[in-house]
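Computed from a prediction, not measured in an experiment: that's the story for all the values here.
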Amino acid sequence: MKNSIFKKILTLAGQAILAMLGASLLIWGLLPLAPGDPPERILQSRGVENPTPAEIAAVRAELNLDRPLTIQYFDWLAKAVRGDFSNSYKNGRSVSAEIGSRIPATVMLASVSLVLAISFSLVLSLTSVYFADKFPDHLIKFLTQTGAAIPSFLLGLFLLQFVVVGFGIGKVISSTSLADVWLPAICLATARALDWTQILRANLLEKMSAEYSFMAQARGATRWRILWRYALPNALLPFLTVVGVGIGSLLGGAAIVETVFSWNGIGSFAVEAVAARDLPVVQGFIVFATLVYVAANFLVDVISALIDPRISEAQN
C-alpha cells in the first residue's frame, strides 16, 4: 500500500515537472512570436524615440536575441529556474523583484477568496440538498445558474457603485490591507462558489441516493444526519479536486478584480504589462500562475491518494 502511494506521488511529481517544461516552452514563445521588436521597445522606454540600427543591434546582443532560438530558450529557462525574468521594458527594474513585492497582496486576496468560495459553496449545497425540490432548493439553483454567467468585472463595478459609493462601505482605491480585502474577495469568490455549488450539490444528491444512506435512514437517522455524517464526507473528495483546479482560475480572475478595485497585486501589474506590451512581466506572471496551478493540482492529487489509497492502486 505504501509503495503504491509512493509510486503515485513520484508519478505525479514527474507529470508536474513535464507540465511546467511544456508550459515554459509556450511562455518563452511569447517573445519571438510577439509583434514588434523587443530591442526597439526597450530603447523607446529608455527615451530613445528613433533608435539607430547600431543601438538596436547593441540591445539585441545584450538580450542574447542574436543567438539561435534553441540557445535563447535554454538560456531563458536556466534564468527562469533561478527566478530571473530579466528587466521590465517599461521601467527597467527587475521583473522578479516587481512581482515579488506584489505577491503578498495577491496571495492575501486569493486566500480569502478561496476560503469564502469554499464556505459559500458548502452552505449553499447543504441547504439546497436538505430542502431538495422545495423553494430554497429552487432559489439556490436559479442563483447558481444565472449568477455564474455574471462576469467578475461587472460584479466588481456593481459592488463599487452600490456598496462603496452608495453605502460608504469599503474604498474605491484599496490599500491592499486585510481591512479592504473583503469586497474584492467576495467579487472573486462569487463565480467560483456558484460553480462549485452546482458540482457539490450534484455529488451530494448522488450520495444521498446511495445504499448506505438508505440503510442509515432505515435505522432512524434524520435527513440532516445522513447529509452531514454520510453524504458530505463521501462527496468531499471529488469536490477537493474541483477546488484544486479552481485555484488556477482564481489567479486568472484576480487580474480583472485587482484592476477594478485598484488592488496592487501581480494581477493588476500583469494587466498594465499587457497594455504596455511589457513581455518580460507578462512571462513572469504566466510562469507564476502556471506554477501555482500545477502545484495546487499536484497537492490535491497527493491528498486524494493519501485519503483514498484505492485511487493509487487503480492507476498502477
Side-chain angles (χ1 to χ4, degrees), residues 1-9 11-12 110-150 185-186 188-250 293 295-316:
M1 185 72 70
K2 292 183 178 179
N3 289 335
S4 63
I5 294 177
F6 182 69
K7 288 173 60 179
K8 176 62 178 176
I9 293 175
T11 302
L12 292 172
S111 300
V112 174
S113 301
L114 181 62
V115 173
L116 290 177
I118 293 175
S119 302
F120 291 161
S121 57
L122 283 172
V123 171
L124 291 174
S125 302
L126 290 170
T127 303
S128 180
V129 175
Y130 183 78
F131 295 101
D133 295 324
K134 296 179 181 179
F135 174 74
D137 181 31
H138 296 312
L139 177 61
I140 290 173
K141 286 194 294 184
F142 173 78
L143 290 176
T144 55
Q145 291 170 1
T146 56
I150 300 177
I186 289 172
L188 185 58
T190 298
R192 300 283 67 77
L194 296 178
D195 287 339
W196 295 349
T197 296
Q198 297 183 58
I199 296 170
L200 183 56
R201 177 186 176 276
N203 289 334
L204 287 172
L205 287 174
E206 179 184 348
K207 303 306 178 185
M208 290 292 287
S209 301
E211 183 178 352
Y212 53 78
S213 296
F214 287 118
M215 292 177 62
Q217 184 179 11
R219 291 196 300 266
T222 63
R223 181 173 179 82
W224 174 251
R225 178 173 174 77
I226 296 171
L227 179 60
W228 183 260
R229 176 68 178 81
Y230 299 100
L232 182 59
N234 287 283
L236 281 180
L237 191 57
F239 178 67
L240 180 65
T241 303
V242 172
V243 170
V245 174
I247 291 176
S249 61
L250 277 177
Y293 179 83
N297 280 272
F298 171 73
L299 289 176
V300 167
D301 288 338
V302 171
I303 293 172
S304 300
L306 293 175
I307 293 175
D308 189 355
R310 292 173 299 177
I311 297 175
S312 303
E313 296 175 354
Q315 296 179 0
N316 286 332

Rounded distance (nearest 0.5 Å) linking atom [atom1] of [X] with atom [atom2] of [Y]:
X: L188; Y: I186; atom1: CG; atom2: CD1; answer: 11.0 Å
X: L139; Y: F131; atom1: CG; atom2: CZ; answer: 12.0 Å
X: R223; Y: W228; atom1: CZ; atom2: CH2; answer: 15.5 Å
X: T144; Y: L200; atom1: OG1; atom2: CG; answer: 12.0 Å
X: I199; Y: L204; atom1: CD1; atom2: CG; answer: 12.0 Å

- Query: Do the side chains of Q198 and R201 get nearer than 4.5 Å, heavy atoms only?
  - Reply: no
- Task: May I ask you to test the S125-F239 pair for a side-chain heavy-atom distance under 4.5 Å?
- Result: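 Side-chain contact under 4.5 Å: no.
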- Task: Take the angle between the ring planes of W224 and Y130 and call it parallel below 30°, perpendicular above 60°, tilted in between.
- Result: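 Rings of W224 and Y130: perpendicular, over 60°.
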Which heavy-atom pair separates [X] from [Y] by the least distance, and what is that distance?
X: A193; Y: A117; value: CB-O, 3.7 Å
X: L205; Y: A132; value: CD2-CB, 4.5 Å
X: A185; Y: V112; value: CB-CG1, 3.6 Å

- Task: For L114 and I118, run side-chain contact (heavy atoms from CB on, under 4.5 Å): C-alpha distance rounded to whole Å, both residues' side-chain angles, the deciding distance at 0.1 Å, then the answer.
- Result: CA-CA 6 Å; L114 181 62; I118 293 175; 4.1 Å; yes
- Item | Worked check of side-chain contact (heavy atoms from CB on, under 4.5 Å) between L194 and T146 | CA-CA 9 Å; L194 296 178; T146 56; over 6 Å; no
- Do side-chain atoms of S213 reach the backbone of S209 as a donor and acceptor pair under 3.5 angstrom?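 No, because the side chain of S213 does not come within donor-acceptor range (under 3.5 Å) of the backbone of S209.
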- Is a side-chain N or O of S121 found less than 3.5 angstrom from the main chain of D195, in a donor-acceptor match? no
- Note on the structure: Tested for side-chain contact (heavy atoms from CB on, under 4.5 Å) against M208, the lone hit among N203, I226, L232 is I226
- Task: Please determine which of L122, I140, T127 meets the side-chain contact (heavy atoms from CB on, under 4.5 Å) test together with T197.
- Result: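 Only one of L122, I140, T127 forms a side-chain contact (heavy atoms from CB on, under 4.5 Å) with T197, namely I140.
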